[in-house]
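Below is one structure, written out as structure tokens, with a few remarks after it.
Computed from a prediction, not measured in an experiment: that's the story for all the values here.
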Amino acid sequence: MAKKEEKIEYVKNGKRLDGRKVDESRSLKIEAGILNRADGSAYLEWGQNKVIAAVYGPREALPKHIQNPYKALVNYQYRMATFSVPDRKNPRPARREIEISKVCGEALEKVIFVEKFPNTTIDIFVEILDSNAGTRVAGLTAASIALADAGIPMRDLVAAIGVGKAGGEIILDLNKEEEDAPDAVDIPLAIMPRTEEIVLLQMDGLLTKEEWKKALKLGLKGCRQVYEIQRATLRKQYEAAEKEAKVGEKGEREKGEKVK
Amino acid sequence: MDNVTWDLKADKAVKLIKEGKRVDDRALDQYRAIEIKKNISENAEGSALVKLGGTEVVVGVKMVLGEPYPDMPNEGTISVGAELLPLASPVFEFGPPRPESIELARVVDRAVRESKALDFKDLCIEEGEKVWIVFIDLYALNDDGNLFDACSIATLSSLLETRIPKLEDGEIIKDEYSGKLKLSRKPLLCTFSKIAGKIVVDPVLIEEKAHDARFSLATTEDNYMCAFQKGGSGSLTESEIDQCIDTAFKCAKQIRKQL
């Protein structure tokens with residue numbers, strides 16, 4: 001890598017390296033119900049990021065000693081496919097993936113009515129197929145749709161986005177190039193959109209309190225946009241299922257069975 | 001599995017916090033007493049034992065020769081590992097690292113790395129060939145809550161004492177040192193628990209059991225924040241985070257005086 005100290009301008013005349021504005025996220029597309037074995041699933045494309053999320057459960061938690069008599073366990077597994085990064089990734093779960101799985105599972109536990117399903121586990125599997133920064137928030141956004149698709153009772157969706165800093169500017173939804181800036185700050189953020197409570201928050205890089213306030217404001221705005229796309233996805237999915245049910249008896253084959 | 005007594009104690013902690021009090025009579029924004037013992041291991045390049053109230057950890061630093069990453073040919077690196085020793089708690093077991101210990105190590109790592117306290121270029125010996133890898137290993141000896149901050153204090157104390165081994169023809173000479181590791185900042189983690197809608201700093205174990213959410217942030221003496229980590233199944237509001245930020249700067253300033 002040619003790393004001769006040539007100054008890159010990360011924002012020039014209000015435009016970023018890929019032409020976006022500072023408060024503009026990459027294009028986001030979500031589709032629900034794409035895997036027929038899973039209880040719920042979603043496919044998401046966010047810029048170059050491509051993610052599949054699947055939900056199984058609530059089902060009996062095994063071995064028995066891991067069961068919680070008060071609530072369901074939320075087992076979130078974030079994995080990157082070996083080919084999803086420039087250099088092949090070792091298929092063994094890395095420490096990074098284990099940490100991300102932990103914090104994302106905790107974020108979703110807040111929105112799921114876990115107390116309704118004692119002794120069970122809700123397994124959420126997130127596979128990253130292609131990546132360009134921001135995969136944990138992409139995974140969480142997809143997983144939230146997969147949970148809704150599985151008919152699991154939730155208080156709200158979880159909407160997530162990355163926000164941060166590159167070249168001294170606070171920007172939304174950093175791509176890899178921006179995340180590699182010498183002064184880069186990366187803040188994965190996830191909220192329950194109805195109350196704007198924060199359920200996932202991480203940060204690395206040097207940030208002042210003023211910059212943080214600005215970044216949070218931008219991040220919340222981004223989350224609201226993500227939420228709108230999530231809602232549109234579910235509405236589309238639900239309307240399609242309803243139409244199908246009206247046309248014939250076919251409609252009961254998928255959606256009808258899932259809602260217990 | 002925890003027994004009924006623990007649940008009852010946790011209930012008590014919640015009840016107290018609702019009244020603005022804590023199980024050990026501390027203020028909500030007050031740390032437990034901190035005791036730091038430096039250089040507890042002669043073989044380590046740097047080490048420290050830290051007591052944070054009843055919590056006890058040791059951290060040791062070893063400098064090891066290694067190859068640089070291909071994309072960073074002129075930079076060394078750090079590597080942080082955490083061992084939740086079975087002697088520290090009845091719920092810790094030997095075996096492959098659990099998510100809890102991985103998270104602990106990675107958050108302590110981020111606080112040091114992202115503060116840019118260490119210039120990784122200083123750790124380069126021969127570009128593209130040989131660099132120093134600073135191994136920082138965290139050992140929990142007694143878990144009475146807030147291992148994050150205890151490990152962070154012990155890590156910074158160790159790094160401030162770390163000696164760089166002397167090299168001759170590219171080999172380490174035993175027991176001889178060429179100087180001390182250079183640190184340009186002093187990053188420290190401060191960890192909070194959110195219990196019954198209130199924020200408390202430096203939670204004891206029983207408060208950790210009772211909390212809805214945990215929030216750690218690392219601050220530096222020159223008014224930067226360099227790492228955040230939210231944990232637990234609860235949520236945080238913007239004003240709660242602001243409260244954590246202000247308390248963290250204040251507390252870290254006090255702790256730095258003791259290093």
Side-chain angles (χ1 to χ4, degrees), chain A residues 1 3 65-71 74 76 86-87 93-103 105-112 114 155-156 158 180 182-192 195-213 216-217 220, chain B residues 1 7 69-75 79-82 96-107 109-111 113-117 185 187 194 212-220 222-238 240-242 244-246 248-249:
Chain A
M1 261 182 220
K3 266 203 132 184
H65 71 85
I66 67 164
Q67 293 182 354
N68 186 324
Y70 300 108
K71 60 179 188 180
V74 176
Y76 189 102
D87 295 324
R95 283 157 39 109
R96 174 179 168 276
E97 289 165 294
I98 295 170
E99 187 206 338
I100 289 175
S101 299
K102 182 176 184 289
V103 292
E106 287 168 342
L108 287 173
E109 197 181 326
K110 175 74 186 174
V111 296
I112 301 171
V114 283
R155 292 178 175 83
D156 199 350
V158 164
D180 288 342
D183 70 334
V185 176
D186 178 27
I187 311 171
L189 172 74
I191 63 167
M192 297 166 66
T195 58
E196 301 209 337
E197 286 167 82
I198 294 161
V199 290
L200 177 126
L201 176 61
Q202 296 179 292
M203 188 272 277
D204 44 49
L206 288 168
L207 198 70
T208 63
K209 196 180 169 189
E210 290 67 37
E211 289 171 326
W212 153 248
K213 297 296 280 180
L216 178 63
K217 206 172 155 207
L220 290 174
Chain B
M1 258 301 125
D7 288 348
Y69 292 115
D71 54 343
M72 303 283 181
N74 60 346
E75 292 187 10
S79 168
V80 182
R98 303 240 178 122
E100 289 71 25
S101 77
I102 289 173
E103 185 185 27
L104 170 62
R106 286 181 58 87
V107 174
D109 178 299
R110 279 216 283 281
R113 186 186 301 267
E114 300 297 336
S115 73
K116 315 220 166 33
R185 286 198 174 93
K194 178 179 171 180
D212 301 311
R214 188 199 68 224
F215 186 59
S216 302
L217 74 142
T219 56
T220 67
D222 50 353
N223 293 322
Y224 282 109
M225 305 182 281
C226 56
F228 285 173
Q229 180 87 340
K230 184 243 154 194
S233 59
S235 61
L236 294 166
T237 64
E238 184 177 354
E240 284 162 355
I241 293 167
D242 284 345
C244 292
I245 291 173
D246 294 339
F249 275 113

Q) So what's closer than 4.5 Å to chain B heavy atoms on A:P93: side chain, backbone, both or neither? A) neither

Q) Would you call A:K209 and B:D246 a salt bridge, taking side-chain N to carboxylate O under 4.0 Å as the test? A) yes

**Q.** Side chain / backbone / both / neither for B:I245 at chain A, heavy atoms under 4.5 Å
**A.** side chain

Q) Is the shortest side-chain N to carboxylate O distance from A:K213 to B:E238 below 4.0 Å? A) yes

Q.
Need one label for A:L216: side chain, backbone, both or neither, based on atoms under 4.5 Å from any heavy atom in chain B.
A. side chain

Q. Are A:K110 and B:D212 close enough for a salt bridge, meaning some N to O gap below 4.0 Å?
A. no

Q: Could you walk me through whether B:Y224 and A:T208 pass the side-chain contact (heavy atoms from CB on, under 4.5 Å) test, one step at a time?
A: CA-CA 5 Å; B:Y224 282 109; A:T208 63; 3.7 Å; yes

Q.
Between the side chains of B:R214 and A:E106, is the shortest nitrogen-to-carboxylate-oxygen separation below 4.0 Å, so that they form an ion pair?
A. no

Q | Residue A:V103 versus chain B: region with a heavy atom under 4.5 Å | A | side chain

Q) Atom CG of A:L207 and atom CG of B:N223: how far apart are they, to the nearest 0.5 Å? A) 12.5 Å

Q: Mark yes or no for whether B:K230, through its side chain, and A:V199, through its backbone, hold a donor-acceptor pair below 3.5 Å.
A: yes

Q) How long is the span from the CD1 atom in A:I187 to the CE atom in B:M225, to the nearest 0.5 Å? A) 8.0 Å

**Q.** Rounded distance (nearest 0.5 Å) linking atom CD of B:E103 with atom CD1 of A:I100
**A.** 11.5 Å

Q. At what distance, to the nearest 0.5 angstrom, does OG of B:S216 lie from CE of A:M203?
A. 12.0 Å

Q: Using non-hydrogen atoms and a 4.5 Å limit, figure out which bit of B:I241 sits close to chain A: side chain, backbone, both or neither.
A: side chain

Q | Contact origin within B:F249 toward chain A - heavy atom pairs under 4.5 Å | A | neither

Q) Given the options A:M192, A:E109, A:E99, which has more heavy-atom pairs under 4.5 Å with chain B than any of the others? A) A:E99

Q: Find the distance between CZ (B:F228) and CD1 (A:I198) and round it off to the nearest 0.5 Å.
A: 9.5 Å

Q: Measure the spacing between CD of A:E196 and OG of B:S235 and express it to the nearest 0.5 Å.
A: 12.0 Å

